Asks: 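The following block contains the structure, expressed as structure tokens.
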Amino acid sequence: MTSRPELKAPPEIFYNDEEARKYTSSSRIIEIQAQLTERALELLALPDDGVPKLLLDIGCGSGLSGETLTESGHQWIGFDISPSMLDVALEREAEGDLILGDMGQGLGVRPGVIDGAISISAVQWLCNADKSCHEPRKRLKSFFESLYRCLARGARAVFQVYPENLAQRELILGYAMRAGFAGGVVVDFPHSAKRRKEYLVLTCGPPSLSSATPKAKGEDEESCSDEESSGDEENQTVSISDRHRPRKKQKLNKKVKGREWVLRKKEQMRRKGNAVPQDTKYTARKRKARF
């Protein structure tokens with residue numbers, strides 16, 4: 001997928017002055033950023049007590065997502081690696097505090113002061129080694145550990161991500177869990193190629209009722225759980241499913257249906273009124289390859 005910007009250049013190079021202004025002036029991108037940020041705020045599940053919260057916008061860019069946070073009545077701190085993007089944010093008079101830095105080296109924010117964190121289309125950049133000194137696993141570890149420290153206990157972090165494949169998603173989720181987070185992946189509109197969006201929803205602290213993974217949006221604008229949404233997604237686990245194992249191992253691990261299973265199925269058919277052959281000593285016996 002050559003269209004993915006993270007495969008073309010490091011973020012601080014890809015989002016240069018020209019690209020930053022082009023990105024911010026696109027009405028389509030502005031609309032998409034607003035929609036994604038609104039959904040991230042919804043998944044944050046902040047208490048509706050009328051008190052403004054201090055939020056962290058990781059990969060804030062030119063402040064498009066920050067505008068939605070401001071409109072929602074919250075204070076925010078923006079963190080981005082691209083000087084050009086932050087320059088545009090200053091020109092647009094973004095109301096958040098802006099920090100220039102690499103999230104792969106840690107956030108450097110005071111412990112326990114952040115009420116929630118969001119990130120729109122940024123975290124998957126950590127999976128690339130843009131420099132010889134970059135090790136994606138170490139960068140993910142530093143990022144999630146520093147994020148865990150700066151969040152208040154029980155606070156949530158919601159990341160809208162575009163993982164390149166299942167292994168990349170599991171890599172991100174795995175290091176989040178190792179840092180101490182609880183949660184999982186929410187996939188909105190899983191059957192739609194255009195509307196499909198993935199959100200990593202994490203809670204700072206051990207698993208509890210408040211850290212349960214929220215339900216995703218389905219095709220009919222109603223909520224649908226991950227289990228309903230897609231048969232090819234193992235969203236809340238870090239293990240690789242059987243379909244990704246080699247074909248030979250699948251055959252070796254395949255369970256053979258024995259006599260008990262056959263007798264049980266035949267009894268079920270009889271209760272439904274179907275004509276079923278009588279049980280004999282040959283029932284479910286495997287035929288020999290040749291006589």
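Note that this is a predicted model, so its numbers are computed, not measured.
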Asks: Measure the spacing between OG of S146 and CG of L107 and express it to the nearest 0.5 Å.
Replies: 3.5 Å

Asks: Is any side-chain heavy atom of L151 closer than 4.5 Å to a side-chain heavy atom of L202?
Replies: no

Asks: What I want to check is whether the side chains of T68 and T37 have a donor and an acceptor closer together than 3.5 Å.
Replies: no

Asks: On the 0 to 90° scale, with breaks at 30° and 60°, tag the F181-F144 ring pair as parallel, tilted or perpendicular.
Replies: perpendicular

Asks: Report the C-alpha distance between F143 and R139 in whole Å, list the side-chain angles of each, state the deciding distance to 0.1 Å, and finish with yes or no for side chain to side chain contact (heavy atoms under 4.5 Å, CB included).
Replies: CA-CA 6 Å; F143 168 65; R139 288 168 62 76; over 6 Å; no

Asks: Output yes when a side-chain donor or acceptor of D97 lies under 3.5 Å from a complementary backbone atom of I77, and no otherwise.
Replies: no

Asks: Could you walk me through whether R271 and Q268 pass the side chain to side chain contact (heavy atoms under 4.5 Å, CB included) test, one step at a time?
Replies: CA-CA 5 Å; R271 287 198 293 267; Q268 290 176 1; 3.5 Å; yes

Asks: When clusters are formed by joining ILVMFWY residues with side-chain heavy atoms under 4.5 Å apart, either directly or through shared neighbours, do Y23 and I81 land in the same one?
Replies: no

Asks: Report yes or no: does R92 contribute a side-chain atom to a donor-acceptor pair with the main-chain N or O of S62 at less than 3.5 Å?
Replies: yes

Asks: Ignoring hydrogens and angles, tell me if any N or O in the side chain of R21 forms a donor-acceptor pair with the backbone of V88 under 3.5 Å.
Replies: no

Asks: To the closest 0.5 Å, what do you measure between CD (Q168) and CG (L171)?
Replies: 7.5 Å

Asks: Quick one: NZ on K197 to CD on Q35, what's the gap to the nearest 0.5 Å?
Replies: 8.5 Å

Asks: Once rounded to the nearest 0.5 Å, what's the spacing between atom CD1 of I172 and atom SG of C127?
Replies: 4.0 Å

Asks: Within the structure provided, determine whether L36 and S65 are in side-chain contact (heavy-atom separation under 4.5 Å).
Replies: no

Asks: Has the side chain of R270 got a donor or acceptor atom that lies under 3.5 Å from a matching backbone atom of V276?
Replies: no

Asks: May I ask you to test the I118-L55 pair for a side-chain heavy-atom distance under 4.5 Å?
Replies: no

Asks: Show the nearest heavy-atom pair for residues K217 and P190, with the distance to one decimal.
Replies: O-CD, 4.1 Å

Asks: When you look at C60 and I99, which way does the side chain to side chain contact (heavy atoms under 4.5 Å, CB included) test go after all the steps?
Replies: CA-CA 9 Å; C60 65; I99 299 176; over 6 Å; no

Asks: Determine, using the 4.5 Å side-chain heavy-atom cutoff (strictly less than), whether L90 and L100 are members of one ILVMFWY cluster.
Replies: yes

Asks: Taking side chain as C-beta onward, heavy atoms only, is E198 less than 4.5 Å from Y162?
Replies: no

Asks: Check this for me: does any side-chain nitrogen of one of R28 and E31 sit under 4.0 Å from a carboxylate oxygen of the other?
Replies: no

Asks: Checking T283 side chain against T280 main chain: does a donor-acceptor pair fall under 3.5 Å?
Replies: yes

Asks: Find out if a path of hydrophobic residues (ILVMFWY) with successive side-chain heavy-atom gaps under 4.5 Å connects Y199 to I32.
Replies: yes

Asks: Please determine if K22 and E18 form a salt bridge, counting it only when a charged side-chain N lies under 4.0 Å from a carboxylate O.
Replies: no

Asks: Kindly say whether P277 contributes a backbone atom to a donor-acceptor pair with the side chain of K266 at under 3.5 angstrom?
Replies: yes

Asks: Can you measure from CD (E164) to CG (N128) and round to the nearest 0.5 angstrom?
Replies: 7.5 Å

Asks: Quick check: do L147 and F159 have side-chain heavy atoms less than 4.5 Å from each other?
Replies: yes

Asks: Side chains of Q124 and P163, heavy atoms from C-beta outward: is any pair under 4.5 Å?
Replies: no

Asks: Can you give me the closest heavy-atom contact between G104 and L126, atom names plus distance?
Replies: CA-CD2, 3.5 Å

Asks: Counting only heavy atoms from other residues, nucleotides and ligands, does the tally under 6.0 Å from CD of Q75 exceed 12?
Replies: no

Asks: Please work out whether the ring planes of Y15 and W125 are parallel, tilted or perpendicular, with thresholds of 30° and 60°.
Replies: tilted

Asks: Is the shortest side-chain heavy-atom distance between L166 and R169 below 4.5 Å?
Replies: yes

Asks: Are I120 and M85 linked, directly or through intermediate hydrophobic residues, by side-chain heavy-atom contacts shorter than 4.5 Å (ILVMFWY only)?
Replies: no

Asks: In terms of hydrophobic clusters joined by side-chain contacts under 4.5 Å, are M103 and I114 together?
Replies: yes

Asks: Taking Q160 for the side chain and S121 for the main chain, is one N or O donor matched with an acceptor at less than 3.5 Å?
Replies: yes

Asks: Is there a side-chain contact between D115 and H74, using heavy atoms and a 4.5 Å cut-off?
Replies: no

Asks: With rounding to the nearest 0.5 Å, note down the distance linking CG in L173 to CG in L140.
Replies: 11.0 Å

Asks: On a heavy-atom basis, which atom in L44 and which in A117 lie closest, and how many Å separate them?
Replies: CD2-O, 3.7 Å

